[in-house]
Amino acid sequence: MNSIILTLVGMFVVFCALQLIILCIAIYSRLVRGKAKNNNNQNISVKPDNVEKQVSKNNNFSPADDINPELLAVITAAVAAYMRNSNTAYMVKSIKRVGHTTPIWNVAGRNEYIFSRF
Amino acid sequence: MNSIILTLVGMFVVFCALQLIILCIAIYSRLVRGKAKNNNNQNISVKPDNVEKQVSKNNNFSPADDINPELLAVITAAVAAYMRNSNTAYMVKSIKRVGHTTPIWNVAGRNEYIFSRF
Amino acid sequence: MNSIILTLVGMFVVFCALQLIILCIAIYSRLVRGKAKNNNNQNISVKPDNVEKQVSKNNNFSPADDINPELLAVITAAVAAYMRNSNTAYMVKSIKRVGHTTPIWNVAGRNEYIFSRF
Amino acid sequence: MWDDFINAIKTLAAESGFANITLLHLILIAIALFFLYLAIAKKYEPLLLVPISFGMLLANLPLGGLMHPELWDVQPLDFGAILHHGGLLDLLYLGVKLGIYPPLIFLGIGAMTDFGPLIANPKSLLLGAAAQFGIFGTYIAAMATGIFTPQQAGSIAIIGGADGPTAIWLTSKLAPELLGPIALAAYSYMALVPIIQPPIMKALTTKKEREVVMKQLRPVSKLEKILFPVVVCTLVILILPSSAPLIGMFMLGNLFRESGVVGRLNDTAQNALINIVTIFLGLTVGSTASADKLSQPGFGLQALLIIGLGLAAFCIGTAAGVLFGKLMYLFSGGKVNPLIGSAGVSAVPMAARVSQKVGQEANPQNFLLMHAMGPNVAGVIGSAIAAGVLLSVLG
Amino acid sequence: MWDDFINAIKTLAAESGFANITLLHLILIAIALFFLYLAIAKKYEPLLLVPISFGMLLANLPLGGLMHPELWDVQPLDFGAILHHGGLLDLLYLGVKLGIYPPLIFLGIGAMTDFGPLIANPKSLLLGAAAQFGIFGTYIAAMATGIFTPQQAGSIAIIGGADGPTAIWLTSKLAPELLGPIALAAYSYMALVPIIQPPIMKALTTKKEREVVMKQLRPVSKLEKILFPVVVCTLVILILPSSAPLIGMFMLGNLFRESGVVGRLNDTAQNALINIVTIFLGLTVGSTASADKLSQPGFGLQALLIIGLGLAAFCIGTAAGVLFGKLMYLFSGGKVNPLIGSAGVSAVPMAARVSQKVGQEANPQNFLLMHAMGPNVAGVIGSAIAAGVLLSVLG
Amino acid sequence: MWDDFINAIKTLAAESGFANITLLHLILIAIALFFLYLAIAKKYEPLLLVPISFGMLLANLPLGGLMHPELWDVQPLDFGAILHHGGLLDLLYLGVKLGIYPPLIFLGIGAMTDFGPLIANPKSLLLGAAAQFGIFGTYIAAMATGIFTPQQAGSIAIIGGADGPTAIWLTSKLAPELLGPIALAAYSYMALVPIIQPPIMKALTTKKEREVVMKQLRPVSKLEKILFPVVVCTLVILILPSSAPLIGMFMLGNLFRESGVVGRLNDTAQNALINIVTIFLGLTVGSTASADKLSQPGFGLQALLIIGLGLAAFCIGTAAGVLFGKLMYLFSGGKVNPLIGSAGVSAVPMAARVSQKVGQEANPQNFLLMHAMGPNVAGVIGSAIAAGVLLSVLG
Ligand code: NA
Ligand code: NA
Ligand code: NA
């Protein structure tokens with residue numbers, strides 16, 4: 001096959017496939033969210049299911065807020081405990097997440113995982 | 001082979017095999033426990049071996065007692081530290097083990113494992 | 001091949017190979033350390049690179065110093081929290097590393113690993 | 001040039017799944033999605049049913065080429081052809097067909113199993129034996145239908161073992177053509193144990209029997225726990241050599257656990273290794289339920305019968321366990337609660353929890369869980385032996 | 001006896017690597033060490049480049065016998081010969097050649113991928129499509145050089161997918177003789193994305209466009225995330241069955257992640273399994289770049305052209321993404337920042353971070369990261385589809 | 001019907017292990033249980049001896065069908081027959097026979113090894129060389145018995161390397177028929193190092209020599225540690241290509257560790273991967289010591305000689321190391337403690353601890369551990385080279 005034809009065919013297929021996915025996502029997202037909205041209207045009391053949804057709405061990815069003073073203190077203490085015997089003074093000036101930002105769901109999952117090991 | 005014969009043969013073999021296992025367990029258990037009793041009578045001082053046996057006798061699987069107030073406080077603090085930035089008030093009202101109850105031996109093993117990583 | 005010849009050949013090859021490695025290590029070690037010394041003279045301010053080198057010089061493997069009172073207290077508390085429901089009084093009299101001594105670099109790596117999971 | 005483009009698109013379209021999908025594909029995709037739903041939303045044994053149903057989904061998207069059933073219908077197998085023409089799932093399926101995955105899963109399960117309650121009360125092994133009547137009773141029923149070969153009947157019967165890896169191991173040897181439906185039925189009914197068992201248990205016992213509080217189990221020493229896997233493995237394999245792969249690896253896993261000196265291996269056996277094998281096993285077992293394979297006439301009827309017979313197997317096993325429990329109740333002078341008999345079907349730890357729950361309904365002070373764990377793990381040994389008998393006689 | 005000793009030493013010396021090393025070996029060792037340096041000192045995609053370059057080093061120490069290129073030049077492959085005469089890396093290379101490793105890596109990547117931003121803004125899939133022009137544009141260029149077969153050109157073009165496992169998977173099927181250089185080029189350019197992309201992005205956009213702050217993404221429910229892998233996998237495989245191994249395993253991994261009921265499998269897929277496979281894949285892919293294999297005439301020119309064409313592929317893909325982003329900027333009335341288009345080349349998550357960085361340079365209040373993650377992960381799907389097209393047409 | 005039942009039981013009984021067990025089976029089962037006891041109760045290298053002795057147990061329960069020695073006696077191997085007729089352990093044994101497991105174990109060991117003390121004091125490499133005289137001295141002794149082929153003698157001699165994977169790797173290539181006894185001897189004597197070595201060390205040294213306090217090792221920079229695996233791997237493989245699988249993977253593992261940029265791979269190499277391979281290797285190596293295989297005449301004598309020669313190998317190696325240590329003591333003007341020479345036999349980290357302990361007995365202020373780690377890890381490199389020589393000359 002001519003290389004230009006192959007290019008046209010390839011880009012056509014890629015666009016068609018991804019356009020089809022867009023369609024499907026749009027459709028099922030509408031269904032899912034419509035249903036969720038109905039549920040919210042009907043049930044005011046906070047059921048486990050709804051809690052999940054609310055938490056997921058708080059999923060606002062603000063890395064700066066993620067680490068609060070308490071946690072900072074805990075981490076600092078831990079570092080200090082480990083590092084004491086190297087004759088250097090440390091001060092934790094900034095704690096950065098390594099790797100990608102963690103959505104709240106991951107945190108929840110991690111906590112469940114940690115507690116399941118107790 | 002006729003299916004009823006197969007059933008009789010099958011059940012016969014299963015019962016014989018498991019009955020034989022029962023016998024063997026009964027025999028070696030008696031031996032082991034007899035020996036252990038002798039040891040207990042002879043040595044009053046608590047050797048490592050005996051400590052193990054005593055701990056295993058405390059193996060009473062009372063999940064309700066397993067998590068005491070101190071641990072609860074630690075866990076609550078940890079949850080609070082993680083969850084601070086979601087604008088919700090939390091109170092740890094109950095902590096449930098996820099999965100099956102953990103015998104004390106597992107706990108001991110786990111602790112050894114944790115400390116071996118320090 | 002005669003077994004004595006094989007022995008001579010074998011020991012000759014082993015010694016030659018390891019002697020060659022000794023040579024190479026000696027050469028590249030001198031290069032590396034010479035370069036490091038130059039760097040130290042030029043830059044007095046502590047850059048990340050230099051911090052690494054300094055830490056690695058503290059790599060003095062003194063297991064006794066490795067666990068300081070604070071850490072001991074933390075571990076004791078953790079043990080107590082776990083063990084409370086077994087009717088025995090515990091006192092952490094000594095904490096021993098299990099397995100081989102950990103160089104400071106491993107500790108640094110482990111800490112980075114732990115924090116990367118936050 | 002426009003014509004070339006149109007022709008190329010037409011060729012691709014003709015080779016697409018949309019152009020080649022059949023009604024049977026659609027039905028099987030729907031079934032796969034249904035089981036995926038059960039696994040995720042209803043938490044029906046998700047560790048196996050998620051990979052199995054996803055494998056079934058992948059195998060029924062036409063022309064994906066992941067699985068080639070025709071490569072596996074040859075007798076003897078042509079391994080060269082499998083390597084040359086096999087897709088990803090064909091290659092991973094080698095681990096099922098060569099009998100590697102189920103024993104490795106048993107290694108991990110052994111490492112997770114605590115035989116303490118069984119050692120403390122060895123008689124509960126008999127309950128694990130009695131419940132195997134679910135297997136052999138179902139074998140009689142399957143043969144009575146007249147449409148299954150003895151090998152197929154044996155594979156269907158092993159669903160009553162309530163033990164997934166054993167069922168997959170035996171079926172892959174006796175009747176691989178039924179592997180998909182049998183695995184799906186086995187894991188689904190295992191998930192349904194809390195619904196299937198209680199009515200049978202209540203129908204066969206009096207309230208007085210259900211209220212029996214059993215005396216606390218004696219503590220079991222470390223040495224007894226270490227000896228157990230070695231003794232059981234030696235005995236069972238000497239009695240029934242064909243059970244060696246399952247029992248041998250099961251007991252090795254348990255020895256890893258109890259010996260206390262190989263923590264690394266114990267950890268890997270019950271985590272990385274079993275998880276990797278579970279993914280491969282589930283995917284490939286599910287992919288055997290493909291339209292290409294199942295289009296032979298009469299398969300629909302067979303599948304329906306498997307569903308019915310599998311349910312019967314669980315019911316018979318539960319009933320046999322409870323009835324034997326009643327016997328022990330009589331002979332022990334009322335010291336054994338017959339409810340722990342139903343746990344003998346395996347389905348660890350679900351069936352033991354069901355015993356606990358039904359017991360507590362009758363008497364809130366009744367804690368049967370630990371007592372039911374004995375028959376429960378005994379059931380695993382029992383079904384492995386039963387599978388060995390079926391393989392010896394029918395294989 | 002002294003003579004015997006001398007003779008034995010002479011024999012060993014004649015069989016040593018020092019006696020058999022050639023200039024090409026030395027050049028390739030130097031290249032391997034150079035890539036090792038990049039991987040360790042410069043942190044260029046070290047997870048793959050450390051094993052790849054070490055494999056290349058091992059394969060170019062003469063007579064090590066770890067890899068025998070002559071075993072892999074036979075058509076069809078003689079698996080018996082490979083088992084009888086293959087070295088360690090030959091045997092591990094079976095996993096590449098049989099197409100097992102790349103899908104397993106996709107399983108792990110799927111388990112690490114969060115499609116939330118893509119579901120929240122599905123239109124970003126189009127940016128992931130547009131960037132695939134980098135692949136097909138490079139195909140045209142490679143064919144235009146006249147020294148590559150269509151299969152080789154397709155393998156070189158897939159470097160533009162900026163997705164290592166996809167490139168290795170396709171190349172191992174179309175042009176395995178180029179596997180080493182293509183893998184090295186793919187991973188190196190992926191590491192160079194922060195250097196390659198910004199000038200192109202700035203050249204093609206106005207400051208006003210780069211300053212566009214996009215509105216916060218809507219939250220995505222758990223159910224939407226669970227449905228995504230099932231729907232996408234079904235659709236894409238129905239459209240293009242040849243993409244099944246990559247897309248199927250990618251989406252299975254993502255289902256492990258999002259279903260939330262198979263935490264064990266999810267954990268293993270994104271840790272032990274993917275790491276083991278990465279080690280084996282890297283080592284063996286690197287070892288294909290051995291002097292024994294590459295001594296055919298003209299290979300040096302081919303390698304140089306691959307370096308050039310690979311760079312072109314990244315540039316074209318970036319440009320196409322940004323230009324399509326400008327289109328979306330126009331049609332959306334200025335709501336879409338065209339900078340997120342460049343993330344469509346994949347290179348997850350590097351390309352998305354580049355979009356974020358260039359955006360923030362133009363407007364410090366501009367946080368594009370999450371918006372760029374959409375096209376970024378869409379690019380992975382897009383290149384898997386493109387690879388499927390190339391395999392269907394050229395394979 | 002009763003007759004049918006009786007006949008069926010009789011058939012099963014005739015096929016049972018009880019009916020087919022021989023005295024040799026019983027002896028080997030007893031030996032397996034003895035080693036299991038040593039592994040668990042005495043903690044003799046349990047990570048390997050638990051799987052090895054359990055594999056030996058399984059292989060000697062008659063008719064289990066896990067291992068078929070007759071499949072492995074064919075030259076060349078018939079891989080088709082192994083796949084068609086092999087049991088679980090036959091299939092896993094492929095990884096030993098094809099030389100895959102030992103290098104992967106070396107990968108993990110490399111990831112766990114700190115070469116810092118060796119780099120700080122490179123001369124200790126010579127002690128690791130001297131101790132290899134244990135290998136070659138034992139080769140002379142084994143040949144002198146007159147009942148071993150040169151290949152068998154080489155395999156027995158490698159016990160003196162005090163390095164399990166190296167011994168298994170070489171034996172599986174030179175004399176697979178002795179794999180079981182050699183592996184058992186190697187790991188048992190490694191566990192016995194604290195008993196075997198001290199008398200020899202004390203007999204060959206004066207108290208003054210043992211009291212020598214060595215000066216603190218210089219700190220080693222990260223860069224030196226990173227360069228070490230690359231340089232050593234290149235040099236050794238160029239000198240002796242046949243050592244490539246062991247040295248190559250050993251140094252790759254160490255590079256994973258020291259490079260600091262592939263933490264994931266490092267973690268998996270020293271955990272999941274090495275543990276999985278250890279389970280498979282141990283089980284299958286143990287299962288080669290089956291009665292079916294060992295019933296050939298004269299095997300008992302061979303096994304007894306292996307026990308004796310293995311012990312000799314450890315003693316010779318220890319003595320050679322200590323004597324070379326005395327040489328270094330002389331040439332260094334008393335700065336080197338000859339006790340660190342015994343650590344050159346490998347047996348990491350046991351032999352180094354023995355040096356420390358014997359040194360501290362002579363002088364409580366004497367901390368030799370770190371100084372002994374140098375020869376200790378050098379011994380691993382040394383035996384891998386010795387294994388390469390044996391393979392080149394005898395293979
Ligand atoms: Na069962
Ligand atoms: Na891409
Ligand atoms: Na050694």
Side-chain angles (χ1 to χ4, degrees), chain A residues 1-37 39-40 49-64 99-106 108-110 112-113 116-117, chain E residues 112 114 116 118-120 122-126 128-130 132-133 135-137 139-144 150 153-154 216-225 227-228 231-232 234-236 239-240 243 258 260 263 266-267 349 367 369-370 373 378 381-383 385-386 388-390 392-394:
Chain A
M1 198 190 293
N2 181 306
S3 65
I4 292 174
I5 300 288
L6 175 57
T7 299
L8 291 177
V9 170
M11 291 307 290
F12 179 79
V13 173
V14 170
F15 266 100
C16 284
L18 296 189
Q19 185 64 57
L20 210 62
I21 296 176
I22 293 175
L23 258 173
C24 287
I25 295 178
I27 292 170
Y28 84 66
S29 281
R30 192 151 309 169
L31 290 176
V32 169
R33 293 160 76 194
K35 208 178 137 201
K37 214 169 276 175
N39 284 350
N40 279 343
D49 256 34
N50 285 5
V51 168
E52 281 187 1
K53 273 164 210 147
Q54 286 185 307
V55 170
S56 98
K57 277 173 195 158
N58 278 319
N59 185 354
N60 51 11
F61 305 104
S62 53
H100 57 92
T101 315
T102 313
I104 196 83
W105 266 113
N106 296 15
R110 196 188 303 131
E112 195 196 332
Y113 181 79
S116 74
R117 296 293 155 107
Chain E
M112 293 184 224
D114 179 4
L118 186 59
I119 301 170
K123 290 214 181 73
S124 54
L125 274 160
L126 292 179
Q132 306 316 316
F133 193 71
I135 295 176
F136 295 104
Y139 179 76
I140 296 178
M143 288 303 287
Q216 172 119 12
L217 290 176
R218 70 168 176 92
V220 172
S221 72
K222 204 182 162 190
L223 180 55
E224 287 175 278
K225 285 189 173 185
L227 285 173
F228 183 83
V231 167
V232 169
T234 307
L235 272 182
V236 171
I239 295 172
L240 199 68
S243 65
E258 302 299 351
N266 182 35
D267 180 50
F367 293 95
L369 188 62
M370 272 300 130
M373 283 310 293
I381 302 176
S383 359
I385 297 175
V389 172
L390 289 170
S392 290
V393 175
L394 305 172

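Within every chain, numbering begins at 1; the chains are lettered A, B, ... in the order of the sequence lines, protein sequences first and strands thereafter. Fair warning: this is a prediction, and the values are worked out from it, not measured in the lab.
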As an exercise: rank A/A26, A/A17, A/S29, A/C16 by heavy-atom pairs under 4.5 Å with chain E and give me the winner.
A/S29

Of all heavy-atom pairs between A/I22 and E/K123, which one has the smallest distance, and what is that distance?
CD1-CA, 4.1 Å

Name the member of E/A130, E/G260, E/G388, E/G128 that forms the most heavy-atom pairs with chain A at distances under 4.5 Å.
E/A130

For E/M373 and E/L118, run side chain to side chain contact (heavy atoms under 4.5 Å, CB included): C-alpha distance rounded to whole Å, both residues' side-chain angles, the deciding distance at 0.1 Å, then the answer.
CA-CA 7 Å; E/M373 283 310 293; E/L118 186 59; over 6 Å; no

One should read off an interatomic distance between E/I385 CD1 and A/I21 CD1, to the nearest 0.5 angstrom, of 5.5 Å

In terms of heavy-atom proximity below 4.5 Å to chain A, should E/I239 be classed as side chain, backbone, both, or neither?
side chain

Most chain A-contacting option - heavy-atom pairs closer than 4.5 Å, from E/I140, E/V231, E/L217
E/I140

Shortest non-hydrogen pair, E/K222 vs E/E258, comes out as CE-O, 4.0 Å

For E/A153, which atoms come within 4.5 Å of any heavy atom of chain A: side chain, backbone, both, or neither?
neither

Below 4.5 Å from any heavy atom of chain A, which atoms of E/F228 appear? Answer side chain, backbone, both or neither.
both

Side-chain donor-acceptor pairs under 3.5 Å in residues 4-14 of chain A, sequence neighbours left out?
| unit_1 | atom_1 | unit_2 | atom_2 | d |
| --- | --- | --- | --- | --- |
| A/T7 | OG1 | A/S3 | O | 2.9 |
| A/T7 | OG1 | E/F136 | O | 3.3 |

Proximity breakdown for E/L390 and chain A, heavy-atom pairs closer than 4.5 Å
side chain

E/I135 and E/A386 have their tightest heavy-atom pair at CD1-CB, 3.7 Å

Measure E/I119 against the heavy atoms of chain A and call it side chain, backbone, both or neither at under 4.5 Å.
both

Could you list the residues that satisfy side chain to side chain contact (heavy atoms under 4.5 Å, CB included) with E/L223, not counting sequence neighbours?
A/V32, E/S221, E/L227

Best-contacting candidate, E/L125, E/V236, E/V389, against chain A by heavy atom pairs under 4.5 angstrom:
E/L125

Using non-hydrogen atoms and a 4.5 Å limit, figure out which bit of A/I25 sits close to chain E: side chain, backbone, both or neither.
side chain

